[in-house]
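Below is one structure, written out as structure tokens, with a few remarks after it.
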Amino acid sequence: MSAGIYGLMAEFSDPSALVSAARKTREAGYVRIDAYTPYPIEELDEAIGIHHTRLPMIALIGGIVGGLAGFGLQYWTSVIDYPINVGGRPLFSWPAFIPVAFECTILGAALSAVFGMLGLNGLPQPYHPVFNVPRFALASRDRFFLCIEAADPNFDADETWSFLSRLQPRQVSQVDE
Amino acid sequence: MNPGEAYLLPRDSPLEQMATFAGVCGLVGFVVCGAMAVATPAAVAESYLFAFLFWSGIPLGSLAILMLQHITGGAWGAVLRRILEAATRTLPLLAILFLPILFSTGLLFEWARPEVVEHDLVLQHKRAYLNVPFFAFRAVLYFVVWIVLSHFLSEWSRRQDRAPESIGLRLENISRGGLLLFVLTMTFASIDWAMSLEPHWYSTMYGILFIGGQVLSALAFVIPVTAVLAARPPMLEVMTADRFQDLGKLLLAFVMVWAYFSFSQFLIIWSADLPEETPWYLRRLSQGWQWAAIALIILHFMLPFVLLLSRDLKRSRRWLMAVAAVVLAMRAIDLSWLVLPAFDRGGLLWVPSDFAAFLGVGGLWFYYYVRQLRSAPMLPLNDESLPEMRGLQP
């Protein structure tokens, strides 16, 4: 492993070139890879080997907790803590509780999805080595980047450089730590 | 050779055998209904109305989805387009199948019986709208609107196959106005054909609830059809796991829409607790119908909702097909729960004529549907999202 190098980065000018390069990189046995694009690309998750994330499960649990909490709050306030007779209806008027419980489900799912996403991504992150490549700013405009990290067991500075060059990128750059 | 020929429904498709079987079932169903109608015409008319409302929901829901996909675009719409168009082209058949209902209004609707209206002040006030000639006129109007829309949607879509010039904008424009017109006509149709069975009762939610149900029926029908077609070319190459996931998401969305509309209507009536509104639910939550209601909550909402949350399930052809089949079956239960409690059946939920009418209308309809499916290429050949669907890069 080379000291002071985070990885090597190849730059592509269109999404399909990036996706096919990512597939070839996976086929060549690299596992610590990441891709950077200006907008989401459908096939990319699968091409860089992300099949499942824990995020849906986190959102589901957040939703269930939110729903139960919303329902429980209404039950507690209107049946236990402050029972009031409203037009002769039963204290436990569950149909009336459903809309609020539903909204709380969405709130719980949305909040846990946002914070779960930030947590799983390790954000906010004030420093990331990929920004040391000056051209990387284009990743938010019209360029597509593929990075093989030095932490990859198959990483070899020279060999990986020539491998990336064979994928016909616009350019290959070294990413400093 | 016609370039579209490779895209036609394969001759050996399982749908062809199913269509023959359905045609036979349809004829048997009609013969049985006819025989039963000699003894109990009213009971058969009731069953027939339920069967008609269920089966007509599929082409009408398809018409709505078809126009929706012309407006919104997307690869899911392009793969479904021909399957939906074929369903909307069955509307002329349904117009003919509506005739028995038109001729048995006296058996079905209280407001069409002069001896009832005579003693009912409310129905006398509603007579300006609820009378047989106007009912017939409106039915004709609805079918004309729907058939004209479906005709142009299919016709222009086929013209796009022959000439590559973009006709997409024209399809988009007819869909904008068409969707509006559809929701209006269908709202009135649901009031005429189903809500007026209990003419004292009214709900402003009813029309949209009915339409939401039709769209769900249509989706739950086209998903299994697409899944069967996806087993071999030409649909094999475009029906990737991503496309099935799209359809699964739509099914999930409309399962939720149905639950949302149904619950909204219930909550409003339950909260207000008014004597002219609650009988509708009281009838549907007693005499055995409460079990159908519980089955609807569990199998029409909870089970498909929980299952369709799973990404893997939506991407699996067989699983998605199974869930859609459950939803479609529950759509029939839902329609029977909406319509049949309006009649006095002495505590019985379903009677033999319900099954005969269901098979009769459904069998003929499915036979005719497959004929329509056969008449056009399975994919819109010049649709702009077709290269994307095949996984070809632009």
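Reckoned from all heavy atoms, side chains included, excluding hydrogens, waters and symmetry mates. So that the names make sense, note that chain A is the first sequence line, chain B the second, and so on, each numbered from 1.
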A:Leu60 vs B:Leu309, side chain to side chain contact (heavy atoms under 4.5 Å, CB included): CA-CA, chis, key distance, verdict
CA-CA 9 Å; A:Leu60 178 67; B:Leu309 287 177; 4.0 Å; yes
Looking at A:Phe92, I want to see if its CZ is surrounded by more than 12 non-hydrogen atoms of other residues, nucleotides or ligands under 6.0 Å.
yes
Please indicate whether B:Trp319 has more than 12 foreign heavy atoms, meaning atoms of other residues, nucleotides or ligands, lying under 6.0 Å from its CH2.
no
Distance-minimising heavy-atom pair for B:Phe263 and A:Pro95:
CZ-O, 3.2 Å
More than 12 heavy atoms from other groups under 6.0 Å of CD on B:Glu276:
yes
On a heavy-atom basis, the closest approach of B:Trp270 and A:Ser93 is CH2-CB, 3.3 Å
Name the region of B:Tyr260, side chain, backbone, both or neither, that has any atom closer than 4.5 Å to a heavy atom of chain A.
neither
Counting only heavy atoms not in A:Met57, do more than 12 fall under 6.0 Å of its CE?
no
Counting only heavy atoms not in A:Gln125, do more than 12 sit closer than 6.0 Å to its CD atom?
yes
Note: A:Pro99 and B:Leu267 closest approach over all heavy atoms is CG-CD2, 3.5 Å
